[in-house]
Amino acid sequence: MPAPARPYWTGYLKLSLVTIGVRLYTATTERDRVRFHQIHEPSGERVRPTAGRAGIGPVERDDIVKAFEYEKGRYITIDPDDIKRLRLDTTDTIDIVEFVDDIDPIYFDAPYYLVPEAASPRKVIG
């Protein structure tokens, strides 16, 4: 029996004065997730976990940078400052600002399920 899914995020859905506890689950696997490779910057070649490159040998740690493979054997290097600028402020609340009729599928990155948090049992004081 497979292990139960774990929520990707837990927080609250807020609509005006109503707040509902929710959990966010991924609807697909992370198989197609973006992954970065380490690149020996002077040569532009990929560095394997052994921190060496065939024909070059061991490389200096300062010469290793992150890169995205956009085509087999072709990379774009990523500056650490670029990654810092991409980080978003996190919050535990999703604020519904506006309802829309249609969203272009180009804006869909990954599908998720948003489910209400299970109601906790309440103790009745008699």
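These numbers come from the heavy atoms of this one structure, side chains and all, not from hydrogens, waters or symmetry mates. Small disclaimer: the values here were computed from a predicted structure and weren't measured.
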[atom2] on [Y] to [atom1] on [X], rounded to 0.5 Å:
X     : Y     : atom1 : atom2 : value
Ile78 : Phe68 : CD1   : CZ    : 8.0 Å
Asp82 : Lys66 : CG    : NZ    : 13.0 Å
Arg46 : Glu69 : CZ    : CD    : 6.5 Å

(request) Examine distances only and state if a side-chain atom of Ser43 and a backbone atom of Glu45 form a donor-acceptor pair shorter than 3.5 Å. (result) yes
(message) Do Phe99 and Val18 sit in one hydrophobic cluster, given that two such residues count as connected whenever their side-chain heavy atoms are within less than 4.5 Å of each other, even indirectly?
(response) yes
(request) Measure from the ring center of Tyr8 to the ring center of Tyr112 and say whether it is less than 6.0 Å. (result) yes
(request) Taking all non-hydrogen atoms of both residues into account, name the closest pair between Leu24 and Leu114 and its distance. (result) CD1-CD1, 4.0 Å
(request) List the atom of Ile39, the atom of Ala67, and the distance in Å for their closest heavy-atom pair. (result) CG1-CB, 3.1 Å
(request) Could you tell me whether the side chain of Val115 reaches within less than 4.5 Å of the side chain of Tyr25, counting heavy atoms only? (result) yes
(request) Classify the ring geometry between His37 and Tyr75 as parallel (under 30°), tilted (30 to 60°) or perpendicular (over 60°). (result) perpendicular
(message) Show, in sequence, the C-alpha distance, side-chain angles and deciding distance for Thr10 and Glu117, and conclude whether the side chain to side chain contact (heavy atoms under 4.5 Å, CB included) test is met.
(response) CA-CA 9 Å; Thr10 302; Glu117 200 170 69; 3.6 Å; yes
(request) Can you establish whether the number of heavy atoms outside Glu41 located under 6.0 Å from its atom CD is more than 12? (result) no
(message) More than 12 heavy atoms of other residues, nucleotides or ligands under 6.0 Å from CG of Asp101: yes or no?
(response) no
